[in-house]
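Here's the structure, in structure tokens; my notes come after.
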Protein chains: 2
Amino acid sequence: MRVEIVAVGTELLLGQIADTNSQWLGEQLAAHGISSHFHQHVGDNHDRIVLAFRTALARSDAIIVCGGLGPTQDDITREAIADVMNVELERRDDMVQRISAMFASRHREMPANNLRQADVPRGGDVIEPVRGTAPGLICPVGNKVVYAVPGVPFEMTEMFERAILPDLQRRSGETATIRSRVLRTWGASESGLAEALADRFGELEGRGDVTIAFLASGIEGIKVRITARAGSSDDVSQLIAGEERTVRSIIEARFGDIIFGVDDETMEDAIAARLLARGLTLGVAESLTGGLIASRLVNVPGASTWFRGGVVSYASDVKFTLLGVTPGPVVAATAAQEMAEGVRRTVGSDVGLAITGVAGPQPQDGHAPGTVFVGWSLDDQSGSVEFRLPGDRPRVRSYGAISALDVLRRVLDERQ
Amino acid sequence: MRVEIVAVGTELLLGQIADTNSQWLGEQLAAHGISSHFHQHVGDNHDRIVLAFRTALARSDAIIVCGGLGPTQDDITREAIADVMNVELERRDDMVQRISAMFASRHREMPANNLRQADVPRGGDVIEPVRGTAPGLICPVGNKVVYAVPGVPFEMTEMFERAILPDLQRRSGETATIRSRVLRTWGASESGLAEALADRFGELEGRGDVTIAFLASGIEGIKVRITARAGSSDDVSQLIAGEERTVRSIIEARFGDIIFGVDDETMEDAIAARLLARGLTLGVAESLTGGLIASRLVNVPGASTWFRGGVVSYASDVKFTLLGVTPGPVVAATAAQEMAEGVRRTVGSDVGLAITGVAGPQPQDGHAPGTVFVGWSLDDQSGSVEFRLPGDRPRVRSYGAISALDVLRRVLDERQ
């Protein structure tokens, strides 16, 4: 059973609104083991909507149409479906009553064109509206089917769960469950990971129950997504757990400790967990990133228990006076280390993390743009790590922020 | 010239990521008067990508393909385009050199499969990558054309503006010049602006040479986009300048000084311009926003000439000890004001900006989540402004950051 989603609305083509409906529906279909190979956006134009439907019916078994069921003249999904079915629209008395009653109950006068929402292609069924006035539709086309739901997410989601999903499952006889787990890595390239996992890809090829995919997430690193499909929820969990072990061992053997989180865990979540576990507080001194690291850390709920604060020492002399950095070149390993030690004193934290570097476009202290030094200080130990980061100013900053957090993650793991 | 956007990636079908690329491209095409009647999403499957391309070429004049240009096994857009063109892939030596050099410059070893990015369908042209390693493609198919860009927005947008848009305009033979100007506002609702400009909308209706549109940009406020179309560049400039005067006067009469920038000017650009003009330096003290304000300010090129730095006083006692705030409630107008005065001393700046508040979900110091106090200090004057901001923790922080910058913008304008 292959389901194609067709989102109707000129505002989608013009980019005036984001198509969150297709994303939500895609997630739901996948979670229930129903394949969806194509999505389309089309504007409020009769001929083009009909063309989109015909295209979808030629390559998929079912269509879920979102939008164009409202009362106004540019809501023409009903007419387009009737056209594709090659039937007339019939005004359904029960729907006329229902819509009239809905307006009456809200003490609002009903504009006549609202009755257009009572029109149903002959041979089609109605999905009664419970959250809005627009009925949904279930319309057979040969041995295939067109579902239509309003574009309002609040109405669409309710109709999908109540009426469309059960109907789809009945038609498809699909009972499989599909679930995914994402391993989040920092420090390896997508191509490097792909090469390391190439053999595993080969082994999974054709098995059909487990797949691996990469999601490059820019400044958040590379995500490795494991997806499993099985008859029962337990079997899926077992498949995923087993594959996660395999993938982790391959990645760690090749790249070491680059997996910092699972699913929605961020790098700052990883830092928070380690600091909490050891009852340590953190202070951050930032030059290059200008507060980016601190602003990421405070997004972790409960950050106030372990995050003391930080200093944005953008001007060099602020590093000297406020952080006690030895006057001299400020893009240097020693400067980063002294910043980390200094911020511990300044904000009174157990741990210090610091970053300095060249955002570019001009070189500084004889260092090329992208040169970054991360300093750390913990107990009586401190150190620094040098990076060469790609990109323009914002990219160097973003990469610098997560690189610094990753340094701290490793320091906290290695220095118990 | 009808352009169809085809976004490639199984993660789009599974709803794991939102398709922001199609939305952005749709907005760009519309803004330049280029029609787009259909969008498609297709997964990382060769035959289905080819089918999506053939479908698009049958109903549109050009395709912009996003994604599938990476180095990994599931990046197969290049192969699919070659298939549709019915030609072979050729490995371009110049691209091999370029990609190898890019890895070398980052002191990283290049996995062999990265060279797949140097493959180009015979007869196709390369869009050289400047922000990533993946080249884009311009491939003629009969009298139509397929453009391919990486799915990474940061790389996609740059290639579209530099290479695709000009090529599209050349092919479309669009002789009229179309240009837009965006007025960026902070502090009014979209419906409020729409209401204020309703009459003007009516006057422009049917004229066809000038249009106004609203772009809600979330935490960046509401954008009012003026688009003009005329035979010559001078005529367009005149139309836009005239309409900008009209729209500005309407907005300012109704809402006052809420237009902070034009086109790509950010709120921090507006701050920078004012500080530079008066030769003033700035320091910021942040609690609620945890460094977000500072990190925005340092993104302005040349920020080091006017930005001294800041203090992220997340823990209350850091406010007392480092900023000299009078011990007591830290979510208060006086605290915000004292933070602004304190940071001037701490980082040695002419101007101080500070923010404190409740991100939620719990109340603090008897204040509800979303309660925010912004403090400022300039010469011998200082003050504070209270806000009630909507949303969850990240939203309150983001709104708080731009609200604070807007306070500073107005203070700098009013206190000469």
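Chain A is the first sequence line, chain B the second, and so forth, proteins listed ahead of strands; every chain is numbered from 1. The analysis underlying the following values was restricted to heavy atoms, covering all of them including side chains, and did not include hydrogens, waters or symmetry mates.
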Distance from [X] atom [atom1] to [Y] atom [atom2], nearest 0.5 Å?
X	Y	atom1	atom2	result
Glu27(B)	Leu13(A)	CD	CG	13.0 Å
Arg308(A)	Ser313(B)	CZ	OG	11.0 Å
Ser191(A)	Gln117(B)	OG	CD	7.5 Å
Asn45(B)	Phe38(A)	CG	CZ	7.5 Å
Ser295(A)	Arg296(B)	OG	CZ	11.5 Å
Gln23(A)	Leu14(B)	CD	CG	10.5 Å

Structural part of [X] lying under 4.5 Å from a heavy atom of chain A:
X	answer
Glu11(B)	both
Val300(B)	backbone
Asp75(B)	side chain
Ala112(B)	both
Leu297(B)	neither
Thr289(B)	backbone
Ala58(B)	neither
Asp74(B)	side chain
Pro71(B)	side chain
Glu109(B)	neither
Arg48(B)	both

Max heavy-atom pair count under 4.5 Å with chain A, selected residue of [options]:
options	value
Ala294(B), Gly291(B), Ala315(B), Gly310(B)	Gly310(B)
Thr281(B), Thr55(B), Val130(B)	Thr55(B)
Met110(B), His37(B), Gln40(B)	His37(B)
Leu25(B), Ile5(B), Thr72(B)	Thr72(B)
Leu292(B), Asn113(B), Val6(B), Val311(B)	Asn113(B)

Side chain, backbone, both or neither: which part of [X] has an atom under 4.5 Å from a heavy atom of chain B?
X	answer
Ala401(A)	neither
Phe387(A)	neither
Thr321(A)	neither
Ile17(A)	backbone
Ser180(A)	side chain
Ala368(A)	neither
Arg397(A)	side chain

Residue among [options] with most heavy-atom pairs under 4.5 Å to chain B:
options	value
Gly290(A), Gly43(A), Gly309(A)	Gly290(A)
Val42(A), Val298(A), Thr346(A), Leu29(A)	Val298(A)
Gly192(A), Pro361(A), Ala18(A), Gly370(A)	Ala18(A)

Shortest non-hydrogen contact between [X] and [Y], atoms and distance:
X	Y	answer
Gly302(B)	Arg393(A)	N-NH2, 4.4 Å
His39(B)	Leu12(A)	CE1-O, 3.6 Å
Arg225(A)	Thr10(B)	NH2-CG2, 4.4 Å

Is [Y] close to [X] at the side-chain level, that is, under 4.5 Å between some pair of heavy atoms?
X	Y	result
Leu51(B)	Arg59(A)	yes
Leu322(A)	Leu322(B)	yes
Phe154(B)	Asp392(A)	yes
Val312(A)	Phe307(B)	yes

Give a yes or no on whether the ring-centroid distance for His41(B) and His41(A) is below 6.0 angstrom. yes
